[in-house]
Amino acid sequence: MPELWTIGHSNHLGEYFLDMLTAHHITAVADVRSNPYSVVASQFNREEIQDALRKRRIYYVYLGEELGPRSPDPACYENKRVVYARLAATASFAKGIERLKNGMQQHRIAMMCSEKDPILCHRMILICRHLSRDPRLSIHHILEDGSIEEHAISEYRLMEKFKISEYDLFHTREEQISKAYELQEQDIAYTMA
């Protein structure tokens, strides 16, 4: 069964972050940040993290152009806010997903972004939402303390955030989860200045 991990670098110390990856036997990191630089955590700037990962024998690939939460395509925006469904429908996004799936055949990949909690990040709300449609794929989120949260539990927490019942007389579980994803997208989607 194919597996994928996700992780947010937050403002972790570099060694702590690398130790979490090593503890979970990660062999490659897919950076899905649109802008692979950080003002508050420069140890996660693209060149610095790539070098640190290389020293741990962990591959680094930048997929922010394909899977990042911002798009240069004006068609992906409505009222200056990116619309994840439009972003997910682009050829670039499909290419990024394909690269990720191909990589999973050879590596134990952690998809990296900056947010520590997956429910606050596009890596879950956009990318994992899309990937989770494949019932064969198992998605695991590495949390801030290094523990693992299964994707279904993250979805449950997302529904709790918006006080959406998992089961409803008039809606399926999938519809309820979809509603939670859409509400979270409104909270976190990139908006142009």
Side-chain angles (χ1 to χ4, degrees), residues 1-69 96-161 177 180-181 184 188:
M1 173 183 282
E3 293 182 287
L4 176 68
W5 282 258
T6 83
I7 190 167
H9 67 65
S10 186
N11 59 356
H12 293 307
L13 296 175
E15 285 301 309
Y16 178 73
F17 178 80
L18 295 168
D19 288 344
M20 284 195 293
L21 294 174
T22 302
H24 294 293
H25 311 288
I26 300 301
T27 62
V29 167
D31 187 347
V32 296
R33 299 173 294 170
S34 288
N35 180 11
Y37 297 94
S38 174
V39 174
V40 295
S42 62
Q43 67 272 27
F44 296 107
N45 288 346
R46 183 176 181 174
E47 294 78 12
E48 283 79 0
I49 191 62
Q50 187 173 16
D51 186 53
L53 289 166
R54 186 181 311 114
K55 289 175 182 170
R56 292 277 186 118
R57 296 191 172 139
I58 299 172
Y59 292 97
Y60 172 91
V61 63
Y62 179 66
L63 293 177
E65 290 178 14
E66 297 92 343
L67 300 176
I97 292 295
E98 191 63 29
R99 288 183 68 194
L100 202 53
K101 286 181 175 179
N102 287 339
M104 282 187 271
Q105 294 174 19
Q106 299 173 28
H107 296 281
R108 193 169 166 104
I109 297 177
M111 191 169 50
M112 180 189 78
C113 202
S114 57
E115 294 291 339
K116 65 182 174 183
D117 188 341
I119 72 169
L120 301 176
C121 186
H122 88 285
R123 70 181 184 271
M124 177 180 160
I125 305 305
L126 170 62
I127 305 168
C128 290
R129 180 182 188 185
H130 180 82
L131 287 169
S132 66
R133 294 177 186 148
D134 181 348
R136 298 168 301 147
L137 178 62
S138 182
I139 301 171
H140 320 279
H141 301 287
I142 302 171
L143 301 180
E144 181 180 21
D145 65 358
S147 65
I148 294 290
E149 179 175 78
E150 298 305 321
H151 187 66
I153 301 300
S154 298
E155 288 181 328
Y156 180 77
R157 283 197 307 117
L158 185 61
M159 287 188 291
E160 277 188 327
K161 175 185 176 185
I177 291 170
Y181 273 116
Q184 186 68 338
I188 69 169

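Note: hydrogens, waters and symmetry copies are ignored here, and every other heavy atom, side chains too, is used.
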Show your working on side-chain hydrogen bond (donor to acceptor under 3.5 Å, both in side chains) between His151 and His141 and close with a plain yes or no.
CA-CA 7 Å; His151 187 66; His141 301 287; 2.9 Å; yes

Under 3.5 Å, sequence neighbours excluded: what are the donor-acceptor pairs made by side chains of residues 121-137?
residue, atom, partner, partner atom, Å
His122, NE2, Val32, O, 3.2
His122, NE2, Leu67, O, 3.0
Arg123, NE, Thr6, OG1, 3.2
Arg123, NH1, Glu115, O, 2.7
Arg123, NH2, Glu115, O, 3.1
Arg129, NH2, Ser178, OG, 2.9
His130, ND1, Arg133, NH1, 3.3
Ser132, OG, Cys128, O, 3.1
Ser132, OG, Arg129, O, 3.0
Asp134, OD1, Arg136, N, 2.9
Asp134, OD1, Arg136, NE, 3.1
Asp134, OD2, Arg136, NH2, 3.0

Check whether any side-chain N or O of Thr27 sits under 3.5 Å from a backbone N or O of Arg108 as a donor-acceptor pair, and report yes or no.
yes

Could you give the distance from CD (Glu66) to OG (Ser34), rounded to the nearest 0.5 Å?
10.5 Å

Looking only at heavy atoms, which two atoms of Glu149 and Pro118 are closest? And how far apart?
OE1-CG, 4.3 Å

Are the side chain of Gln184 and the backbone of Ile119 linked by a donor-acceptor contact shorter than 3.5 Å?
yes

About how many Å separate CD of Glu155 and CE of Met159, when rounded to the nearest 0.5 Å?
7.0 Å

How about Tyr59: does its OH atom have over 12 heavy atoms from other parts shown lying under 6.0 Å from it?
no

Spacing of CG belonging to Leu21 relative to NE2 belonging to His9, to within rounding of 0.5 Å:
12.0 Å

How many angstroms lie between atom SG of Cys113 and atom CD1 of Ile7, to the nearest 0.5 angstrom?
11.5 Å

Ala41: what forms a side chain to side chain contact (heavy atoms under 4.5 Å, CB included) with it, not counting sequence neighbours?
Ser38, Gln43, Phe44

Please determine if Arg46 forms a cation-pi arrangement with Tyr62, meaning its NZ or CZ atom is less than 6.0 Å from the six-membered ring centre and no more than 45° off the ring axis.
yes

Under a 4.0 Å N-O cut-off, is there an ion pair linking Asp19 with Arg56?
yes

Note: Ile109 and Gly103 closest approach over all heavy atoms is CD1-C, 3.4 Å

Do any N or O atoms from the side chain of His24 and from the backbone of Gly146 form a donor-acceptor pair under 3.5 angstrom?
yes

Considering residues at least two apart in sequence or located in another chain, which fulfil the side chain to side chain contact (heavy atoms under 4.5 Å, CB included) criterion with Asn35?
Tyr37

Could you grab the distance from atom OH of Tyr156 to atom CD1 of Ile177, nearest 0.5 Å is fine?
11.5 Å

Taking atom CD1 of Ile153 and atom CD1 of Ile148, what is their separation to the nearest 0.5 Å?
13.0 Å

Taking everything shown except Glu160 itself, do over 12 heavy atoms lie less than 6.0 Å from its CD?
yes

